[in-house]
Amino acid sequence: DAKTTQPPSMDCAEGRAANLPCNHSTISGNEYVYWYRQIHSQGPQYIIHGLKNNETNEMASLIITEDRKSSTLILPHATLRDTAVYYCIALQKLVFGQGTRLTINP
Amino acid sequence: DAGVIQSPRHEVTEMGQEVTLRCKPISGHDYLFWYRQTMMRGLELLIYFNNNVPIDDSGMPEDRFSAKMPNASFSTLKIQPSEPRDSAVYFCASSLSSQAGEQYFGPGTRLTVT
C-alpha cells in the first residue's frame, strides 16, 4: 500500500481556492487516490476519489499528475465551514495518516 | 437515508467493565468498518466486514476486543474487560462493494474508561 505525504497545516483566505497537495510516489497502478476530511468532533467525510483522470464533483476537484505520484485537492471557493483536517489516501484499504489541518481565515 | 447510526454517542465506564458499541450501516451497503481515533494514534482501522463476514481483523488491538455482524443492518464492537487506554472515539462506516473506498462514517461513540 502506498504511503502518502501531506503538509501538516495550511491557511487559506475565505473565498479563495484552497489547493491541498499530496505526494504518493509509491502508488501502484490499481490504487485509487481518495480524499476525506474531518470537521472537529465529526466522523470523516468522503470528498472525492480518482485513479488517473482529473475528477470534479459538487464539493471539490481532484487533479492527479500524469505519473500519478502526486495529486491536488482543490476547494474552489473556500468557506469557513471548510476548516477541517484533510486526508489523502492512496490505498486498497483505507489507512488514514495525519492529514493536513486546513484553516480558512475570514 | 439516515446515514450510519451509532449508539451510544457517549459512554463512560469503569475499568474492568464490559462495553458494547452498536452500529447500523446505511441500508444496502455491504461493507462495514470499525475505526478507533485517538490523539496519539490518529484514525485506525480495527476490523471490516463484507456481507456480514469479517474479512480483516488485523487491526483489533487484542483479545479483549471482539466484533460481530449478525445481520446486514447491525454490528457490535465489544470490549471486555475495558481499560483506560481504550478511551477513544470509535467510528463505524459503511460502503458499497462497488466503491469500497467511498465510506460513509457515523457520528462516532466517545468512550471514556476511568
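Order of the sequence lines fixes the chain letters, A, B, ..., with proteins taken first and strands second; residue numbering starts at 1 for each chain.
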Kindly state each residue pair satisfying side-chain hydrogen bond (donor to acceptor under 3.5 Å, both in side chains) with at least one member in residues 42-57 of chain A, sequence neighbours excluded.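 Residue pairs with at least one partner in residues 42-57 of chain A: A:Arg37-A:Gln45, A:Tyr46-A:His49, A:His49-B:Gln99, A:Thr56-A:Ser61.
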Would you call B:Gln103 and A:Tyr34 a side-chain contact if the rule is heavy atoms closer than 4.5 Å?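 The answer is no, as the side chains (C-beta and beyond) never meet within the 4.5 Å cut-off.
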Identify all side-chain donor-acceptor contacts of residues 7-25 of chain B below 3.5 Å with residues at least two apart in sequence or on another chain.
residue	atom	partner	partner atom	Å
B:Arg9	NE	B:Gly108	O	3.3
B:Arg22	NH1	B:Thr20	O	3.4

If you count heavy atoms of other groups shown closer than 6.0 angstrom to CZ of B:Arg110, is the number above 12?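 Atom CZ in B:Arg110 is not packed in, count stays at 12 or less.
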Using the rule that Ile, Leu, Val, Met, Phe, Trp and Tyr join whenever any side-chain heavy atoms are under 4.5 Å apart, tell me whether A:Leu80 and A:Met10 fall into a single cluster.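 Same hydrophobic cluster.
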Quick one: CD on B:Glu102 to CD1 on A:Ile48, what's the gap to the nearest 0.5 Å?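 It is 10.0 Å, given to the nearest 0.5 Å.
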Where on B:Gln6 is there a heavy atom nearer than 4.5 Å to chain A: the side chain, the backbone, both, or neither?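 No part of B:Gln6 comes within 4.5 Å of chain A.
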